[in-house]
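What follows is a single structure, written as C-alpha cells, with notes after it.
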Amino acid sequence: MSATATSTDPNRQHLETAREQIARGDLQQAALTLNQAQRTQPNDPRVFMLAGLMAEKAGNIPKAFDGLRRAVTLAPDWGPGQLELALLHARQNQMREAVELAEKVAAREPRNLVVLAGVVDIAHRAGHLDMAVRHLRRGLEMVPGDVQLRRLLARDLGDQGHHAEALEIWGALIDENPQDAEARLGRVKACIAAGTPAQAVADTTALMELAPGDSVVAYYTAIAHGVTPQHQPPELHRALFDELAGLYDQHMVAGLKYKLPKIAAGKILERYPDKRLNVLDLGCGTGLLGVCLGRLDGFLIGVDISLKMIEQAARHNVYDRFHTVNLLDALRDTPSSIYDVVAALDVLIYAGDLSDTVPDAFRLIVPNGNFLFSCETAPEDGPDLVLQASGRYAHRRSHAEAVCRAAGFTTVEIEDLVLRYDGNEPVQGFLVTARK
C-alpha cells in the first residue's frame with residue numbers, strides 16, 4: 001500500500017487487517033484492530049459494519065444488528081453497509097426485511113456487481129425466483145457473456161417452468177465450452193423437467209466420459225434411457241440440503257405449509273401419551289418431528305445425509321444422537337428390535353423403492369411398534385414407483401399397503417393428505433401408519 005493511499009484513507013490498513021482476522025476467526029485480535037480504527041476515525045461506518053460481522057461470527061446476533069444498523073445510520077447512501085445488513089436479515093430468516101432492503105440497495109447502485117451478487121443471493125434465500133431472474137437479466141446487460149450469471153439464470157428459469165429459454169441458455173454455454181460439465185448437467189435436468197428425457201442422451205454420454213463412475217451421472221443416464229432408477233444417490237441432494245439448512249424451517253412450514261411432522265407427532269403421542277418410547281427419525285432434516293414430539297422418556301435418534309441439517313436439528317436440544325448417513329445404510333446397519341417408532345417423513349420421495357425400506361424398518365421395530373412414513377401419490381392405474389418431473393418419487397397407495405403387509409405389519413392405516421404446496425399447488429400424498 002502506498003503512502004498516498006494511507007494518507008487519504010488512514011483506516012484502510014486497519015480495516016483490511018480486521019477483515020482478514022474476522023475471516024480466519026481471530027476475533028479477539030479483530031476487536032483490538034477495530035478499536036484502533038475507531039480511535040483513528042470515530043464515526044467510520046466501515047468500522048461498525050465490520051464490528052457487526054465480527055459479532056455475527058461470535059454468535060451475538062443482536063450486537064451484529066446493532067453494528068450494521070449503526071453503519072447504515074452513519075452512511076445512509078453507502079451500498080456495502082446496507083447490503084451487509086440485508087444479508088444479515090436473510091441469514092436470520094427475516095426475509096421480508098432482507099428483500100426490501102436488497103431492492104433499495106440495487107436501485108441505489110444498479111451498476112455494482114458485488115451488490116448484484118448479494119441481491120441475487122437474498123432472492124434465492126427468500127425463494128423469490130422472479131426477483132432473482134430480474135436481477136440476473138440486469139447483470140447480463142452489464143456483463144453479457146458472464147458464465148456464472150447465465151448458469152444461474154438458466155437454473156432459475158427451469159425452476160420457474162420456462163424450459164425452452166433455459167435449454168437455449170444451457171445450449172449456448174455448451175456450444176462455447178463442450179467440457180462445461182455443469183452446463184451439460186443443467187441441460188440434462190432441463191430436458192427431464194420438460195418431459196423430454198431422451199433428448200438428454202448426448203449430454204449424459206458426454207458426462208460419463210467427463211466423470212466416469214459418478215453416481216449422479218449414472219442416475220441421470222438411466223433416466224435419459226427411459227429407465228426409472230429404484231433409488232436416488234445421496235450425493236444428488238446432499239449439497240442442496242446443506243445449502244437449504246438455515247432456511248429450511250421457514251421455507252417448508254411457512255412457505256410450503258408443511259404440517260406433516262405435527263400430524264405424525266400427534267399420532268405418536270396419542271399412542272404413547274407418557275412419552276416412554278424410543279424413536280428413529282429417518283431423514284430428520286432440521287428436526288421438525290423432534291420439535292413436535294419434545295423430550296422423550298427414551299431416546300430420539302436422528303438420521304440425515306446433510307450435516308448442515310443435523311446441525312440445525314441439534315439446536316432444538318431434543319435429539320439424543322445423530323448419524324450422518326443415508327436412509328438405506330441406516331436401515332441396513334441398525335440392530336433389530338430397538339425402536340417403538342420409526343419415522344420416515346418426506347424422505348421416501350427421494351429414497352424411492354419400498355421393497356427394501358419397509359422390511360428393514362419392520363426388523364428394527366419392537367412388537368406393537370409403529371412405522372410411519374409418507375409418500376407422494378402415484379396413479380393407481382400406473383406403475384408402483386413413478387419418478388416425477390419434479391425429481392421426486394411417487395408411490396401407489398395400494399402398493400405401499402401391500403409391501404407393509406408382506407413385510408409382516410398386522411395393521412396398516414393410510415391417511416390421504418396434502419403434504420405441502422409446490423408452486424402454490426397442493427402436493428397430494430399419504431401418511432402410512434403400520435403396526436407390527
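Here the side chains of P261 and V291 are not in contact, with every heavy-atom distance at 4.5 Å or above. The shortest distance between side-chain heavy atoms of P212 and D214 does not fall below 4.5 Å. Contact check for L50 versus M54: no side-chain heavy atoms found under the 4.5 Å cut-off. Between V432 and F371 the shortest side-chain heavy-atom distance does not fall below 4.5 Å. With contacts defined as side-chain heavy-atom distances shorter than 4.5 Å, the pair N370/I365 does not qualify. Side-chain contact between L68 and E56 is absent, with no heavy atoms from C-beta onward closer than 4.5 Å. Contact annotation: the side chain of E182 never approaches that of L173 to less than 4.5 Å [non-hydrogen atoms, C-beta and beyond]. Between T228 and Y393, the closest side-chain pair of non-hydrogen atoms falls below 4.5 Å.
Evaluation of the salt bridge (Lys or Arg N to Asp or Glu O under 4.0 Å) test over residues 377-401, restricted to residues two or more places apart or in two chains, returns E376-R392, E380-R396, D384-R396, R392-D422, R397-D416, E401-R405. Pairs passing the ring-ring contact (aromatic ring centres under 6.0 Å, His included) check and including a residue from residues 288-315, sequence neighbours excluded, read F299-Y339. For residues 79-107, the pairs satisfying ring-ring contact (aromatic ring centres under 6.0 Å, His included) are F65-H89, with sequence neighbours left out. Applying the salt bridge (Lys or Arg N to Asp or Glu O under 4.0 Å) definition to pairs two or more places apart or across chains, those involving residues 278-296 are R295-D320. Sorted by first and then second residue, the salt bridge (Lys or Arg N to Asp or Glu O under 4.0 Å) pairs with a member in residues 17-34 form an empty list; sequence neighbours excluded. Counting only residues at least two apart or in different chains, ring-ring contact (aromatic ring centres under 6.0 Å, His included) contacts with residues 269-294 are absent.
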Pairs of donor and acceptor atoms involving the side chains of residues 190-199, under 3.5 Å and at least two apart or interchain, shall be tabulated with distances.
| unit_1 | atom_1 | unit_2 | atom_2 | d |
| --- | --- | --- | --- | --- |
| T196 | OG1 | C191 | O | 3.2 |

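For R137 and E165, the salt-bridge test passes: some basic side-chain N is under 4.0 Å from an acidic carboxylate O. Salt bridge annotation for D66-K63: absent, with no cationic side-chain nitrogen under 4.0 angstrom from a carboxylate oxygen. The pair K267-E413 does not meet the salt-bridge criterion, since no charged nitrogen lies less than 4.0 angstrom from a carboxylate oxygen. The pair D121-R125 counts as a salt bridge, with a side-chain nitrogen and a carboxylate oxygen less than 4.0 angstrom apart.
For Y220 (side chain) and L185 (main-chain N/O), no donor-acceptor pair under 3.5 Å exists by modelled atom type. Counting only distance, with no hydrogens or angles, the side chain of R69 and the backbone of L85 share no donor-acceptor pair below 3.5 Å. For S374 (side chain) and L345 (main-chain N/O), no donor-acceptor pair under 3.5 Å exists by modelled atom type. Judged purely by atom type and a 3.5 angstrom limit, N278 has no side-chain atom pairing as donor or acceptor with the backbone of D340. In this structure a side-chain-to-backbone donor-acceptor pair under 3.5 Å is present from T204 to V201.
Atom CH2 of W170 and atom CG of L153 lie 9.5 Å apart (nearest 0.5 Å). Annotation: the span from I338 atom CD1 to R363 atom CZ amounts to 8.5 Å, rounded to 0.5 Å. Atom-to-atom distance recorded for Q232:CD and I223:CD1 is 7.5 Å, nearest 0.5 angstrom. Annotation: the span from L288 atom CG to L293 atom CG amounts to 11.0 Å, rounded to 0.5 Å. Within the model, atoms OG1 of T324 and CG of D329 stand 12.0 Å from one another, a figure rounded to the nearest 0.5 Å. Here the CZ-OG1 distance, from R271 to T433, works out to 10.5 Å after rounding to the nearest 0.5 Å.
Considering all non-hydrogen atoms of both residues, H231 and A351 come closest at ND1-O, 2.7 Å. The minimum heavy-atom distance linking A64 with A55 is given by the pair N-CB, 3.6 Å. Across all their heavy atoms, A90 and A98 have their closest contact at N-CB, 3.6 Å. Across all their heavy atoms, A343 and L289 have their closest contact at CB-CD2, 3.7 Å. Nearest heavy-atom pair, L83 versus V115, reported as atom, atom and distance to 0.1 Å: CD2-CA, 3.8 Å. The shortest non-hydrogen separation linking Y319 to G287 is OH-CA, 3.3 Å.
In summary, of the residues considered (H316, M309, R315), a side-chain contact (heavy atoms from CB on, under 4.5 Å) with Q312 occurs for R315 alone. Among R108, K104, E109, the single residue meeting the side chain to side chain donor-acceptor pair (under 3.5 Å) criterion with Q82 is R108.
When the side-chain hydrogen bond (donor to acceptor under 3.5 Å, both in side chains) test is applied to E103, the partners found at least two apart in sequence or on another chain are R134, H135. Evaluation of the side chain to side chain contact (heavy atoms under 4.5 Å, CB included) rule for H323 yields I301, V303, R321, V325 as partners, not counting sequence neighbours. In terms of the side chain to side chain contact (heavy atoms under 4.5 Å, CB included) criterion, residue partners of V347 (sequence neighbours excluded) are, by chain and number, L327, A344. The side chain to side chain contact (heavy atoms under 4.5 Å, CB included) check on K275 picks up L269, L296, with sequence neighbours excluded. Listed by chain and residue number, Q13 satisfy the side-chain hydrogen bond (donor to acceptor under 3.5 Å, both in side chains) test with T17 (two or more places apart in sequence, or in another chain).
No side-chain donor-acceptor contact under 3.5 Å links S306 and D304.
A cation-pi arrangement is present between K436 and F362 under the rule of less than 6.0 angstrom and at most 45 degrees off the ring axis.
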### Worked check of side chain to side chain contact (heavy atoms under 4.5 Å, CB included) between D297 and D274
CA-CA 8 Å; D297 185 6; D274 57 2; over 6 Å; no
### Task
Go through the steps to decide whether Q148 and L152 satisfy the test side chain to side chain contact (heavy atoms under 4.5 Å, CB included), and finish with yes or no.
CA-CA 6 Å; Q148 188 57 25; L152 289 172; 3.8 Å; yes
### Message
Go through it in stages, so that I can follow the logic: the residues are L417 and L260, the test is side chain to side chain contact (heavy atoms under 4.5 Å, CB included), and I'd like the CA-CA distance, side-chain angles, deciding distance and then a yes or no.
### Response
CA-CA 9 Å; L417 43 77; L260 195 55; 4.3 Å; yes
### Task
Might you work through the side chain to side chain contact (heavy atoms under 4.5 Å, CB included) test for F409 and V358, ending with a clear yes or no?
CA-CA 9 Å; F409 287 103; V358 172; 3.8 Å; yes
